[in-house]
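In what follows, every heavy atom counts, from backbone to side chain, and hydrogens, waters and symmetry copies are set aside.
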Amino acid sequence: MKTTLFFLLAIILFETDIYAQDTFSIVAADSSTREVGSAGASCVNLFQFNITDPSFLGDLLPDTGAINTQASYLATNQTNARVRMRAGDSPAQNILWLSSNDAQNNPAVRQYGIVGFTGNNVSAEAYTGINCMDYKNHKTGSIDGFHYSIQGNILLGQDIIDSMEIKFRNAQGDLACRLMAALQGANVTGADTRCAPNGTSSLFAYVKVAKPTDAYGNPWFNVSVRTLSNAQIEPIDSLQTIFDLQHNCLSIGINKTTLMNHFNVYPNPSTKEIILRSDGFLIGSTYIISDILGKQVLTGIIAGENSTVDVGSLFEGLYIIQVSNLQGKTFLKL
């Protein structure tokens, strides 16, 4: 199936504290897929500093971990955290090193959230300096193989962190879906208290996720929004709109049912036709191909273990194929 192209803007790093106190964010990892992800938002006007990539505070190391560096963000500290993670430090060891080796000898104004793999084990750790601006706190946890760290400062209160956690834990879908849901948990006027006069939670927001096979700096999923001060545009709502156009949380890759191990699509991506490769017991099953908005574009019956489907009439884009029979259903992203 034809596929959507995603473009990653260059990350711009600075050595000063011009970002002041970046606010609420989450890092997380999926122990089953080994995806790592980051999401966050803050009431900082990125246009003022000519920052084109709102996801700069999140650093994803595919198949290794994720690091969020905030509250008086400093690029050197972020780089050091990445070096320590690549050297094999666990999140707890990394946090200890960062708090003891701050690049400006001022760890009290920093905040970190780190999640990482040590072999097949996953853990999350966070740090909040005592001089970060109130309200400040962090929280770590896990559910259904998803491990996470949520942190924030200059917050409306603990409810922001708690709501992000509840949304993440209750969300349906893959890691990207859960991260987007977590941001919606902070979609409250003045979540970052500096944005209360603007009538929004923040001024920018992002979600990004890396698969274990992704190249560093080029995650498979990366969406973000920047807004101007006094524009009164809620970035999390705008981000949700963009997110929904590129990712379907109702169906993509989240159903770990028995069918998933018995069905695949080849080639993927494709421009003319695809072959539905399946075990014999799936012969006679129904397949439905939908676009990312959920509109059905093709349907049919699996006629054999290698069924050919003509997709040459479809527009370039991202599609979902659903296969179902009496034993259950599964979904694949094309």
Open item on the list: Checking Thr299 against Tyr287 for the side chain to side chain contact (heavy atoms under 4.5 Å, CB included) test, could you report, in this order, the C-alpha distance in whole Å, the side-chain angles of both residues, the deciding distance, and whether it holds?
Closed with: CA-CA 6 Å; Thr299 62; Tyr287 69 83; 5.7 Å; no
Under 3.5 Å, is there a donor on one side chain and an acceptor on the other for [X] and [Y]?
| X | Y | answer |
| --- | --- | --- |
| Tyr127 | Asn94 | no |
| Arg82 | Tyr216 | yes |
| Thr128 | Gln111 | yes |
| Asn187 | Gln184 | yes |
| Gln70 | Ser25 | yes |

Going by the angle between their ring planes, with limits at 30° and 60°, are Phe221 and His247 parallel, tilted or perpendicular?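 Rings of Phe221 and His247: tilted, as their planes differ by 30° to 60°.
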With a 3.5 Å distance limit and no angle check, can you tell me whether [X] reaches the backbone of [Y] through a side-chain donor-acceptor pair?
| X | Y | result |
| --- | --- | --- |
| Gln93 | Ser90 | yes |
| Asp214 | Trp220 | yes |
| Ser99 | Leu96 | yes |
| Asn264 | Arg277 | no |
| Arg226 | Asp53 | no |
| Thr118 | Asn121 | no |

Can you tell me how far the [atom1] atom of [X] sits from the [atom2] atom of [Y], to the nearest 0.5 Å?
| X | Y | atom1 | atom2 | value |
| --- | --- | --- | --- | --- |
| Thr189 | Gln232 | OG1 | CD | 10.0 Å |
| Met85 | Asn80 | CE | CG | 13.0 Å |
| Ile301 | Ser307 | CD1 | OG | 10.0 Å |
| Asp89 | Ile114 | CG | CD1 | 9.0 Å |
| Ser42 | Leu57 | OG | CG | 8.0 Å |
| Asn230 | Asn198 | CG | CG | 6.0 Å |

Grouping I, L, V, M, F, W and Y whenever their side-chain heavy atoms are under 4.5 Å apart, do Ile67 and Trp97 come out in a common cluster?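 Yes.
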Would you say Leu203 ends up clustered with Val188 if hydrophobic residues are merged whenever their side chains have heavy atoms under 4.5 Å apart, either directly or through other cluster members?
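No: no chain of side-chain contacts under 4.5 Å links Val188 to Leu203.
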Query - Residue among His138, Lys136, Met164 satisfying side chain to side chain contact (heavy atoms under 4.5 Å, CB included) with Gln151 - result: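 Checked His138, Lys136, Met164 against Gln151; only one passes side chain to side chain contact (heavy atoms under 4.5 Å, CB included): His138.
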If you define the side chain from C-beta out and look only at heavy atoms, does anything of [X] sit under 4.5 Å from [Y]?
| X | Y | answer |
| --- | --- | --- |
| Lys208 | Ser224 | no |
| Asp102 | Arg110 | yes |
| Ser201 | Glu234 | yes |
| Leu298 | Leu314 | yes |

Can you name the nearest heavy-atom pair linking [X] to [Y], along with the distance?
| X | Y | result |
| --- | --- | --- |
| Ile161 | Lys139 | CG2-CB, 4.0 Å |
| Ala28 | Leu175 | CB-CD1, 3.6 Å |
| Ile26 | Asn68 | O-ND2, 3.4 Å |
| Ala186 | Phe24 | CB-CE1, 3.5 Å |
| Gln172 | Cys177 | O-CB, 3.7 Å |
| Ala205 | Ile236 | CB-CG1, 4.2 Å |

- Message: Evaluate Phe56 against Tyr206 for ring pair (Phe, Tyr, Trp, His ring centres under 6.0 Å), listing each step before the verdict.
- Response: CA-CA 9 Å; Phe56 67 93; Tyr206 74 90; 8.1 Å; no
| request: Please go through Val27's hydrophobic cluster and name the other residues, only I, L, V, M, F, W, Y counting, with side-chain heavy atoms under 4.5 Å joining them. | output: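 So far as hydrophobic clustering goes, Val27 is joined with Val36, Leu60, Val115, Phe117, Val122.
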Electrostatic pair Lys272-Asp310, nearest N-O below 4.0 angstrom: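 Salt bridge absent between Lys272 and Asp310.
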Test Lys211 against Thr33 for side chain to side chain contact (heavy atoms under 4.5 Å, CB included), laying out the working first.
-> CA-CA 8 Å; Lys211 296 179 179 179; Thr33 65; over 6 Å; no
Using the test side chain to side chain donor-acceptor pair (under 3.5 Å), find all partners of Gln48 that sit at least two apart in sequence or belong to another chain.
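Side chain to side chain donor-acceptor pair (under 3.5 Å) list for Gln48, sorted by chain: empty.
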| task | Begin with the C-alpha distance, continue with both residues' side-chain angles, and end with the deciding distance and a verdict on side chain to side chain contact (heavy atoms under 4.5 Å, CB included) for Val225 and Phe204. | result | CA-CA 5 Å; Val225 169; Phe204 73 81; over 6 Å; no
Notebook entry, point to check: Between Thr200 and Ile233, does a side chain to side chain contact (heavy atoms under 4.5 Å, CB included) hold up when you go through it step by step?
Noted result: CA-CA 7 Å; Thr200 62; Ile233 298 172; 5.7 Å; no
**Q.** Residue pairs involving residues 61-77 (criterion salt bridge (charged side-chain N to carboxylate O under 4.0 Å, His left out); sequence neighbours excluded)
**A.**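 Salt bridge (charged side-chain N to carboxylate O under 4.0 Å, His left out) check on residues 61-77 returns Arg34-Asp63.
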Neighbour count >12 (heavy atoms, 6.0 Å) for atom CG, Asn105: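 Check fails, neighbour count at 12 or below.
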query = Do Arg178 and Tyr148 meet the cation-pi criteria used here (NZ or CZ under 6.0 Å from the six-membered ring centre, within 45° of the axis)?
reply =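 That pair does not qualify as a cation-pi contact.
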